[in-house]
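One structure is given here, and the rest of the page talks about it.
Sequence lines set the chain letters: A, B, ... in the order given, protein chains first and strands last, and positions in each chain run from 1.
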Protein chains: 2
Amino acid sequence: MGKSDTTSVNRREEIISAAIQVFAEIGYYRATTAQVAQQANISQPYIFRFFSKKEALLLAALEVSWARVIDSFHKVIEFASSEQLETDLIRAYDEILNANQNEILLQMQAQTIQEDSIREAMRKGFGEVRSIVLKAFLDAGIPNAEERTMLFLARGMLCNISTVLGMPELMGK
Amino acid sequence: MGKSDTTSVNRREEIISAAIQVFAEIGYYRATTAQVAQQANISQPYIFRFFSKKEALLLAALEVSWARVIDSFHKVIEFASSEQLETDLIRAYDEILNANQNEILLQMQAQTIQEDSIREAMRKGFGEVRSIVLKAFLDAGIPNAEERTMLFLARGMLCNISTVLGMPELMGK
DNA sequence: TTAGTTAGTGATTCATCAATCAATTTTATT
DNA sequence: AATAAAATTGATTGATGAATCACTAACTAA
């Protein structure tokens, strides 16, 4: 409500949001820059004023989606008690998954893309999340922190699949 | 060695094998039927004598890849002792992942494809694997079989990612 | 008001690709 | 050898899409 819809300060971020939605729903390779442009209410060529290539737009979208997870985890870790740490992290991730399915769906797509720049972005994202969680588990004095971290990530990945495929039975409850 | 390379009985299966490799490495949507044909040493139009659409070829490839997992698990369950059941299933999946990375990579791609027919195939595959494992755990008298099944699948999914991204640290060991 | 800068688009280009179809080569049959 | 059937391909088509470029409209400052 602050910003009007016709006058927009942040075209770049609007384009990224549009791309997340379109790439997730249609698939990165199948989605066209024209579809992204339509979603963002701009012309197709204008995308290339902000992003040199379609792939650069994907990288920007992935950065946004990893930042959301990382920021959320940082906030949880800052305030959660040692006893509720894991529970709160799980809840936080669950909320992201419900509120921003498209970002997670896009990450899942990117897991399988063999372009070097994409793989690097995904390794960075996963690696950072892992080390944040591991450090928090260690600081909280949780025993077997490495294995607990691994299981936390594993459940998260299965949760992604369960959500995306609409198979709640995969997660038990 | 039995079959020569010029005279081949099973064109259909050769095409599927080629498709698994090409789709996995290049990405289903980006890969072209000409690339699949080249890999299979046939002409591009000939693919359409066996598969009505590119998507039909993907479905056939997914069926092969799920059958490999399911058959392997069935064999393990038939012979494994209750104590070694889970360990043996893990080892079996690990072998598949090492020997047939492309098939798993293709499954991972398919997890994110929003076409109805693909989603249905993926739900069927996951659902079948889950119920096979769950039944085996129950028959083996493993306590908390539902949760143990969930964790088994979860570790499997993280293992996929760890392998595909080349991040062994994600799995701990 | 005009000159300069920023925001944005229409039209086009070059490339690519799934799918079709008519033609040809290869294999089996008599 | 002649013929029929099966296997396989060349050539083409109609669509589509990323990226470029030259153009226009809208703002800003002097």
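Taking atom CZ on B/Phe50 and atom C1' on C/dT20, their separation rounds to 17 Å, with Å as the unit. Atom C1' of nucleotide C/dT24 and atom CD1 of B/Ile42 are separated by 17 Å, given to the nearest angstrom. D/dG17 atom P lies 16 Å from atom CG of A/Leu57, rounded to whole Å. One interatomic measurement links the two molecules: CG of B/Asn10 to P of D/dA7, which rounds to 12 Å at whole-angstrom precision. In this structure, the CZ atom of A/Phe51 is 15 Å from the P atom of D/dA18, given to the nearest Å. A straight line from OH of A/Tyr29 to C1' of D/dA18 spans 14 Å, rounded to a whole angstrom. Taking atom CZ of A/Arg12 as the reference point, atom C1' of C/dA7 lies 17 Å away to the nearest angstrom. Summarising the geometry, the separation between CD1 on A/Ile47 and P on D/dG17 is reported as 13 Å, rounded to the nearest angstrom.
When only modelled atom types and interatomic distance are considered, A/Asn144 and A/Glu147 share no side-chain donor-acceptor pair under 3.5 Å.
Test B/Asp71, B/Val69, B/Ile70 against B/Phe73 for side chain to side chain contact (heavy atoms under 4.5 Å, CB included) and you get one pass: B/Val69.
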I'd like a table of atom pairs between the protein and nucleotides 20-24 of chain D - only N or O on both sides, under 3.5 Å - with the distance next to each one.
none

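One finds no side-chain N or O of A/Arg11 lying less than 4.0 angstrom from the OP1 or OP2 phosphate oxygen of C/dT6. Between A/Thr33 and D/dG17 there is no side-chain N or O to OP1 or OP2 distance below 4.0 Å. Put simply, B/Arg30 has no side-chain N or O that comes within less than 4.0 Å of OP1 or OP2 on C/dT16. Between A/Ser43 and the phosphate of C/dG8, there is no side-chain N or O to OP1/OP2 separation shorter than 4.0 Å.
The neighbour count for A/Asp116 CG, taken as heavy atoms of other residues, nucleotides or ligands under 6.0 Å away, does not exceed 12.
The closest donor-acceptor contact from the side chain of B/Arg130 to the backbone of B/Thr149 lies at 3.5 Å or more, if one exists at all.
For B/Lys54, the listed nucleotide lying nearest its side chain is C/dA19; candidates were D/dT9, D/dA19, C/dA19.
Here the CG-CD distance, from A/Asn160 to A/Gln111, works out to 7.5 Å after rounding to the nearest 0.5 Å.
Backbone-only contact: B/Ala31 has heavy atoms under 4.0 Å from sugar-phosphate atoms and none from a base.
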Intermediate values then yes/no, side chain to side chain contact (heavy atoms under 4.5 Å, CB included), A/Cys159 and A/Leu97: CA-CA 9 Å; A/Cys159 194; A/Leu97 193 43; 3.7 Å; yes
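Look at B/Arg91 and B/Asp88 and you find a salt bridge, because one of the NZ, NE, NH1 or NH2 atoms lies within 4.0 Å of a carboxylate O, short of that distance.
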